[in-house]
Amino acid sequence: MNQLFALKSQGLYRSRRIIDDETVVNFCSNDYLGLAKNETVVMAFKNAVDIYGVGSGSAHLICGHSKAHHLLEEELAEFTQRERALLFSTGYMANVGTINALAGKGDYVFEDKLNHASLLDGGLSSGATFKRYSHADVTRLEQLLNNSSGQKLVVTDGVFSMDGDVAPLLKLVNLTQKNSALLMVDDAHGFGVLGKTGGGLIEQLNLNANDVPILMGTLGKAFGTFGAFIAGSETLIETLIQTARTYIYTTALPPAIAEATRASLKIIIQETWRREKLQSLITQFKTGAAQLNLPLMPSDSPIQPMLIGDSFHATKMSEQLLEAGFLVSAIRPPTVPKNKARLRITFSASHKSEDVSRLLETLHKLHTLEN
Ligand SMILES: *Cc1c(COP(=O)(O)O)cnc(C)c1O
């Protein structure tokens, strides 16, 4: 009870909002390519429900692994140019399960301080010596690697989920190879958005499976569906199937979701106009915000945070935006560091240029009022 009171008095109390997309423009979803409501994806889902029903009925290793799951895994392996891919029911579970399967007592796990909570929880619960380095600080990481012996796993977000900036991946690849450490990249926000065919940060930087042996992606963001995957070598995937507890001891995601994801994967690869449109909306927003002196954080991704600082203030601005017809979420500690509360504005290929212009006008008005 005291805990709840404390959260309220600090402006950190969270409540859920029932979303009615009909009346507001949504600037806080991770549906970057507008595929969650795409007609082809929805039809693939409906048709698959007729065949498979709603639930998978079981875990993958019992009798929940359908042809739909299997085909999607093969297609994801090809898409990411890895030997194999393995579906998990959520990204949170993929991260916790993978880190726990690969690192334990006597090993080392190194993570960027701004990594997604699921990666941090995986490192913490693994039993390995767990070290966090300040955001993108490869010099610090190098010191930590030099001062440790034994098996080492370095884990990073590709595109950082609350800041929108990207990891110094070329340096991380270099550093991990020099130190015989394994590198795991969570590209939840890169897949679909970055790279020529939507292959994410790895495709954009032309990195291969030797550079990044453990690659994680989620399906609930640009794919517009639900679930997640790990892509990597035959040995990696077999190790996860045999030992990742969050893979073994949970119900497989619905096969119709897998079928819908197969449809969205095709669109991601083929419909490059979605990435181009998204980029043009981001450019429009960044250019406009710079002219209006809005305090944007440095990011080229569809995640464009506007730094507010104070948690109450961020919540108030989010409420005022809602009154003006825009859904923008306020992100507060502990999701982000203290005094770094922000509006996390995200863009989607389904937005119109006029939506962005109106959002800029409203942000300008609210920002001027407050300062
Ligand atoms: C969303 C997200 C996850 C978790 O994925 P879910 O499928 O939502 O559980 C993991 N890592 C990052 C970076 C994310 O943004």
Side-chain angles (χ1 to χ4, degrees), residues 14 16 19 28-33 35-36 56 69 72-73 76 80 85-100 109 111-126 132 135-136 153-169 172 183-194 198 200-202 212 214-231 240 244-247 249-254 257-258 260-261 264-265 299 301-305 329 331 334-336 342 344-348:
R14 302 174 190 233
R16 301 168 306 167
I19 302 305
C28 56
S29 125
N30 301 315
D31 179 21
Y32 301 121
L33 300 179
L35 295 181
S56 68
H69 294 117
L72 174 58
E73 287 183 344
L76 286 169
T80 56
L86 185 71
L87 286 173
F88 281 76
S89 294
T90 71
Y92 190 102
M93 294 166 78
N95 283 340
V96 170
T98 301
I99 295 170
N100 275 273
V109 176
E111 296 204 25
D112 191 295
K113 275 204 170 136
L114 295 189
N115 273 357
H116 189 269
S118 56
L119 295 171
L120 298 172
D121 288 357
L124 272 172
S125 60
S126 67
R132 280 176 283 189
H135 184 44
L153 174 65
V154 174
V155 186
T156 186
D157 277 22
V159 176
F160 283 85
S161 56
M162 295 301 139
D163 293 57
D165 59 338
V166 299
L169 213 48
L172 292 176
L183 178 60
M184 172 173 176
V185 174
D186 170 344
D187 207 17
H189 299 275
F191 277 111
V193 172
L194 300 176
L201 191 55
I202 268 70
V212 180
I214 309 156
L215 179 56
M216 182 273 192
T218 63
L219 306 175
K221 280 145 192 163
F223 281 84
T225 60
F226 188 80
F229 65 90
I230 296 281
L240 296 179
R245 296 170 67 83
T246 60
Y247 180 77
Y249 299 107
T250 201
T251 301
L253 57 84
I257 292 284
T261 308
S264 74
L265 178 57
S299 158
S301 75
I303 303 166
Q304 292 289 325
S329 57
I331 308 283
T335 308
V336 293
R342 65 197 65 174
R344 178 177 180 271
I345 304 161
T346 54
F347 293 91
S348 163

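Here, residue 1 is the first one in the sequence, and each next residue gets the next number. Every number for a ligand or one of its atoms is a count from 1 in the order of the listing.
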With atoms numbered from 1 as shown, which atoms in ligand 1 lie under 4.0 angstrom from a non-hydrogen atom of [X]?
X      : value
Ala188 : 12 (C), 13 (C), 14 (C), 15 (O)
Asn95  : 10 (C), 11 (N)
Asp186 : 10 (C), 11 (N), 12 (C), 13 (C)
His189 : 14 (C), 15 (O)
Tyr92  : 4 (C), 5 (O), 6 (P), 9 (O)
Ser161 : 15 (O)

Using the side-chain contact (heavy atoms from CB on, under 4.5 Å) rule, pick out the option among Asp187, Val185, Val212 that qualifies with Thr156. Val185
Would you say Ser126's side chain and Ile99's backbone share a donor-acceptor pair under 3.5 angstrom? no
For Phe347, give me all partners under ring-ring contact (aromatic ring centres under 6.0 Å, His included), at least two apart in sequence or on another chain. Phe27, Phe285
Flag yes if more than 12 heavy atoms outside Phe226 fall under 6.0 Å of its CZ atom; otherwise flag no. no
For ligand 1 and Gly91, I'd like to know whether there is a polar contact (N/O to N/O, distance under 3.5 Å). yes
Mark the output for Ala228 as yes if a heavy-atom distance to ligand 1 is under 4.0 Å, and as no if none is. no
Please confirm whether Lys221 approaches ligand 1 to less than 4.0 Å, judged on its heavy atoms. yes
Contacts satisfying side chain to side chain donor-acceptor pair (under 3.5 Å) that involve residues 159-168 (not counting sequence neighbours) are His135-Asp165, Asp163-Arg342
When you look for heavy atoms under 4.0 Å from ligand 1, do you find them on the side chain of Thr90, its backbone, both, or neither? both
For a 4.5 angstrom cut-off between non-hydrogen side-chain atoms, does Arg344 reach Val336? no
Exercise: identify the closest heavy-atom pair between Leu87 and Glu73: N-OE2, 2.9 Å
